[in-house]
Amino acid sequence: MVEVFIIEEDNPWKSDSPAPLILEILEANPFVNFNEMAFNYSEKWVAYNQQKALANLKKGDEPALALRTETPYFFEGSINRGGWRNTVRLAMANSTLEQIDLSLLKNYVSKVATLFPRFKWAEVKTDYKIKEFYQAQDLVAVPDCLGNYLNWYHLISPLGYEPYFSRAELLNIPAHQVRELENGWIEIMSYSDPLAYDQPEARARIVEITNYLNTNRHDWQPTPS
C-alpha cells in the first residue's frame with residue numbers, strides 16, 4: 001500500500017472553508033474518477049455525489065469524507081477535518097504506483113497543498129517497516145515536519161521546517177534529490193525508486209539523511225550513542 005498525506009495545522013475551517021476547492025481538485029485529479037464515497041469513517045459506501053459530499057464537509061465538528069474507485073485501478077482519497085489538523089490522504093496499491101507518472105504525482109501533491117493556507121508538510125509513504133528499521137539501527141526519529149520517519153518523498157513549507165532547520169540546511173540534505181519550489185517549499189526525494197525502500201542503497205540513504213538531520217536540528221541535539 002502507498003499513502004500520501006498532505007497536512008495543514010492550526011487552521012480550523014469556518015465559513016471561508018477551502019473544502020469546495022479541495023473537493024474539486026480531488027475530483028479533477030489526473031489519475032482516476034471516484035465513483036463511491038463514505039462519510040465520517042463509516043463502512044457504508046454509496047455512489048459519489050458532489051453536493052452531498054460537500055454538505056458533509058461543511059457540517060459537524062470533525063467531518064471526514066472518503067472517496068474511492070477500483071476503475072481502472074484501486075485509488076482512494078479522503079479529506080479529514082480536525083480541531084487542529086486538516087488532512088488530505090490518497091491511497092493506492094503498489095501496482096497502481098507503478099502505473100503512475102511519479103513527476104505527475106509530486107506535482108499533484110504540491111497543487112493540493114497550495115489550497116491549505118497553513119500547509120506544513122506532505123509525504124508519500126511507501127515503507128511501512130520504517131519505524132522498525134529505525135529501532136533496529138538505533139536511529140533517532142526526525143522532526144514531525146518529516147513525519148518522524150523518513151520515507152520516499154517529503155514536501156515541507158517554512159511553517160513546517162523553520163522550528164527545526166534553516167533553508168540552507170534542508171537544501172544540503174544528502175538525499176537523492178532536493179529542490180526548492182518557487183513558493184519557498186522544499187521537496188525531498190530520499191531515494192530514487194519509491195518501491196525499493198528495502199534495498200541497501202535506499203537504506204543507506206535513510207541512515208545518512210537521518211544522522212544529518214538530527215545533527216543539524218535546532219530544537220535539541222540527540223545524545224550520541
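In this structure, the side chains of Trp152 and Met189 come closer than 4.5 Å at one or more pairs of heavy atoms. At least one side-chain heavy atom of Tyr48 sits less than 4.5 Å from a side-chain heavy atom of Glu27. Residues Arg203 and Asp127 form a side-chain contact, since some pair of their non-hydrogen atoms from C-beta on lies under 4.5 Å apart. With a 4.5 Å cut-off on side-chain heavy atoms, Leu21 and Ile25 do not count as touching. Two residues are said to be in side-chain contact when any heavy atoms from C-beta on lie closer than 4.5 Å; Asp219 and Pro163 fail this criterion. Taking 4.5 Å as the limit, some side-chain heavy atom of Leu155 sits within range of a side-chain heavy atom of Leu181. In this structure, the side chains of Ile173 and Ile186 stay at 4.5 Å or more apart for every pair of heavy atoms. Residues Cys145 and Tyr164 form a side-chain contact, since some pair of their non-hydrogen atoms from C-beta on lies under 4.5 Å apart.
As a member of the Ile/Leu/Val/Met/Phe/Trp/Tyr network built from side-chain separations under 4.5 Å, Tyr128 groups with Met1, Phe74. Hydrophobic clustering, defined by side-chain heavy atoms of Ile, Leu, Val, Met, Phe, Trp and Tyr closer than 4.5 Å, leaves Leu159 isolated from every other such residue.
Around the CD atom of Glu24, the shell of radius 6.0 Å holds no more than 12 heavy atoms that belong to other residues, nucleotides or ligands. The local environment of CG in Asn33 is sparse, with at most 12 non-hydrogen atoms from other residues, nucleotides or ligands closer than 6.0 Å. Surrounding CD of Glu201 are at most 12 heavy atoms belonging to other residues, nucleotides or ligands under 6.0 Å away. Around atom CD of Glu36, more than 12 heavy atoms belonging to other residues, nucleotides or ligands sit under 6.0 Å away. The 12-atom threshold is exceeded at CD of Gln135, counting heavy atoms of other residues, nucleotides or ligands nearer than 6.0 Å.
Closest approach of Tyr149 and His154 over heavy atoms only: O-CE1, 4.1 Å. For the pair Tyr108 and Pro30, the tightest heavy-atom approach, listed with the atom from each and the gap, is CD1-CD, 3.7 Å. Nearest heavy-atom pair, Ala202 versus Ala196, reported as atom, atom and distance to 0.1 Å: CB-O, 3.3 Å. The heavy-atom pair separating Ala175 from Ile188 by the smallest distance is CB-CG2, 3.9 Å. Considering all non-hydrogen atoms of both residues, Met37 and Ala53 come closest at SD-CB, 3.9 Å. Of all the heavy atoms in Val142 and Asn214, the pair that sits closest is CA-OD1, 4.0 Å.
Each of Lys125, Glu187, Glu123 was checked for a side-chain hydrogen bond (donor to acceptor under 3.5 Å, both in side chains) with Tyr153, and the lone residue meeting it is Glu187.
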Open item on the list: Walk me through whether Leu65 and Asn80 qualify under side-chain contact (heavy atoms from CB on, under 4.5 Å).
Closed with: CA-CA 7 Å; Leu65 169 70; Asn80 297 281; over 6 Å; no
| query | Does the side-chain contact (heavy atoms from CB on, under 4.5 Å) test come out yes or no for Ile22 and Asn86, once each step is laid out? | reply | CA-CA 11 Å; Ile22 293 174; Asn86 305 310; over 6 Å; no
Quick one, Tyr161 with Glu169, criterion side chain to side chain donor-acceptor pair (under 3.5 Å). Give me CA distance, side-chain angles, the key distance, then yes/no.
CA-CA 10 Å; Tyr161 73 72; Glu169 286 166 339; over 6 Å; no
Practice prompt. Using the side-chain contact (heavy atoms from CB on, under 4.5 Å) rule, take Met92 and Tyr73 through it: C-alpha gap first, then chi angles, then the decisive distance, then the call.
Written response: CA-CA 8 Å; Met92 66 196 86; Tyr73 38 64; over 6 Å; no
Fill in: Worked check of side-chain contact (heavy atoms from CB on, under 4.5 Å) between Thr87 and Ile6
CA-CA 6 Å; Thr87 306; Ile6 304 165; over 6 Å; no
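Hydrophobic clustering (ILVMFWY, side-chain heavy atoms < 4.5 Å, transitive): Leu57 and Trp45 are in distinct clusters.
With sequence neighbours excluded, no residue forms a side-chain hydrogen bond (donor to acceptor under 3.5 Å, both in side chains) with Arg205. In this structure, the side-chain hydrogen bond (donor to acceptor under 3.5 Å, both in side chains) partners of Tyr134, at least two apart in sequence or on a different chain, are Thr210. Residues passing the ring-ring contact (aromatic ring centres under 6.0 Å, His included) test with Phe75 are Phe31, sequence neighbours excluded.
Of the inter-residue distances, the one linking Leu171 atom CG with Ser166 atom OG reads 8.5 Å to the nearest 0.5 angstrom. Rounded to the nearest 0.5 angstrom, Asn29 CG and Leu90 CG are separated by 7.5 Å. For the atom pair CD1 of Ile156 and CZ of Arg167, the computed distance is 13.5 Å after rounding to the nearest 0.5 Å. Note that CD1 of Ile206 is 4.5 Å distant from OG of Ser190, once rounded to the nearest 0.5 Å. A distance of 9.0 Å separates OG of Ser78 from CZ of Phe34, quoted to the nearest 0.5 Å. Of the inter-residue distances, the one linking Asn151 atom CG with Glu3 atom CD reads 10.0 Å to the nearest 0.5 angstrom.
One side chain, Thr69 or Asn35, offers a donor N or O that lies under 3.5 Å from an acceptor on the other.
Using modelled atom types, one side-chain atom of Asn56 and one backbone atom of Ala64 make a donor-acceptor pair closer than 3.5 Å. A donor-acceptor contact shorter than 3.5 Å is absent between the side chain of Ser42 and the backbone of Ala38.
The side chain to side chain donor-acceptor pair (under 3.5 Å) analysis of residues 96-105, with sequence neighbours excluded, yields no pairs.
A salt bridge links Arg89 with Glu76: the closest approach of a Lys/Arg side-chain nitrogen to an acidic carboxylate oxygen falls below 4.0 angstrom. With respect to the salt-bridge test (charged N to carboxylate O, under 4.0 angstrom), the residues Asp10 and Lys120 qualify.
Between Phe119 and Trp185, a ring centre-to-centre spacing shorter than 6.0 Å is recorded.
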